[in-house]
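Please read the structure below before turning to the comments.
Quantities reported herein were computed from a predicted structural model and do not represent experimental measurements.
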2 protein chains.
Amino acid sequence: MIASAEPVVPNAYPNNVYAANCQCREMLDLLASKWAALAIGALENGPMRFGVVRKKLEGISPKVLSQTLRKLEDHGMVDRTVFPAVPLHVEYSLTPLGQSANAPLAHLRDWVEANTGIT
Amino acid sequence: MIASAEPVVPNAYPNNVYAANCQCREMLDLLASKWAALAIGALENGPMRFGVVRKKLEGISPKVLSQTLRKLEDHGMVDRTVFPAVPLHVEYSLTPLGQSANAPLAHLRDWVEANTGIT
DNA sequence: GGCCCTTAGTATCTTTTGGATACTATAGAG
DNA sequence: CTCTATAGTATCCAAAAGATACTAAGGGCC
């Protein structure tokens, strides 16, 4: 039996959300936000146009929705597809990563719906 | 067979996170935030003092931690216990509701750690 | 007595984000 | 030439986050 200096499987997840300088803090900040959690949920059943997302996420302003979707796109959660027609047609959809992220977010949304106002 | 005018089980969860005027929006806003998700996670293994939580949540300022814990307390997620000693000793712990909320938040924290920087 | 130590915050100021609302580009229909 | 629709942007104000300094309370030390 030979002992290796380095572990064979060094560390499954080197990321630690509690560490200040961890890259994953940015990811947590992205997903742990009201509008991101709702926007990803809105797209869970397929592509949706900007205006339809806006109506589903009652109360969101166009500026904030635009910023939210762009940040999600920048982090690879959402795809943006432009159909050059008039009036302009733009569809947003979840990437595989976004669909994966939707799982824990769906749990959170469900928990909130199930546990609000049950005094 | 008699048809009832009202359904026997009207609606398991009348809450809808997408609705602007739903009470649960406030709950979502509370939990879907970086510091709340981390603060609840910090307490998942038992009571912890202010200073210890502050060290665990690397980079949080005392003002923001204080605000975060107070909001969680106001919403019944966290209990605050003062031990009148010198120097002052204050312990924070999860309520049963807070422990319940920790489940979906733990999924989210785990997802973030597992899916950041895996390119 | 005067000074330092610790804990758990608060006070203050600056920067960033969120939110409300008005406005723009595009082109086809009437 | 105006009206409509879509997908945003521009602008301005309010709210929240963040950095840092400061405070209260009492016991130990010299």
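With D/dA7, C/dT10, C/dA8 as the choices, the nucleotide that has an atom nearest any side-chain atom of B/Arg49 turns out to be C/dA8. With D/dA7, C/dT10, D/dG18 as the choices, the nucleotide that has an atom nearest any side-chain atom of A/Leu88 turns out to be D/dA7. In the set D/dT9, C/dA8, D/dA5, C/dA8 carries the atom at the smallest distance from any side-chain atom of B/Phe50. Of the listed nucleotides (C/dA20, D/dA17, D/dA21), D/dA17 has the atom at the smallest distance from the side chain of B/Val64. Distances were taken from every side-chain heavy atom of A/Val86 (C-beta onward) to each of C/dA27, C/dT10, C/dA20; the shortest belongs to C/dA27. The side chain of B/Lys63 lies closest to D/dG18, out of D/dG18, D/dG8, D/dT6. Side-chain proximity of A/Ser61 to the nucleotides D/dG8, C/dG19, D/dA17 is greatest for C/dG19. With C/dT10, D/dT9, C/dA8 as the choices, the nucleotide that has an atom nearest any side-chain atom of B/Val90 turns out to be C/dA8.
For the pair A/Leu57 CG and C/dG19 C1', the interatomic distance rounds to 14 Å; values are reported in whole Å. To the nearest angstrom, P of D/dT9 lies 9 Å from CD of A/Gln67. To the nearest angstrom, P of D/dA16 lies 16 Å from CD1 of B/Ile60. For B/Lys55 and C/dG9, the NZ to C1' distance is 14 Å, given to the nearest whole Å. For the pair A/His89 NE2 and C/dG28 C1', the computed distance is 17 Å after rounding to whole Å. Taking atom CE of A/Met48 as the reference point, atom C1' of D/dA7 lies 16 Å away to the nearest angstrom. B/Glu58 has its CD atom 13 Å from the P atom of D/dA19, to the nearest Å. The nearest whole Å value for the distance from the CG atom in A/Leu65 to the C1' atom in C/dA20 is 15 Å.
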Is there a side chain to side chain contact (heavy atoms under 4.5 Å, CB included) between A/Val53 and A/Leu43 once you walk through the steps?
CA-CA 8 Å; A/Val53 177; A/Leu43 301 176; 4.0 Å; yes
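The heavy-atom pair separating B/His89 from B/Glu91 by the smallest distance is NE2-OE2, 3.5 Å. Between A/Ala32 and B/Leu108, the shortest heavy-atom distance links the atoms CB-CD2, 4.2 Å. For A/Met77 against A/Ala101, the heavy-atom pair with the smallest separation is SD-CB, 3.9 Å.
The side chain of B/Ser66 contributes no N or O atom lying less than 4.0 Å from OP1 or OP2 of C/dA8. Not one side-chain nitrogen or oxygen of B/Tyr92 sits closer than 4.0 Å to the OP1 or OP2 atom of C/dT7. Regarding contacts with the backbone of C/dT10, a side-chain N or O of B/Arg70 is found under 4.0 angstrom from either OP1 or OP2. A close approach under 4.0 Å does not occur between any side-chain nitrogen or oxygen of A/Trp35 and OP1 or OP2 of C/dT17.
If A/Lys34 and B/Pro62 are placed on DNA chain C by their nearest nucleotide, the residue sitting closer to the 5' end is B/Pro62.
Put simply, NZ on A/Lys34 and CG on A/Leu57 are 10.0 Å apart, with the number rounded to the nearest 0.5 Å.
Each of B/Arg25, B/Glu26, B/His75, B/Met27 was checked for a side chain to side chain contact (heavy atoms under 4.5 Å, CB included) with A/Thr116, and the lone residue meeting it is B/Met27.
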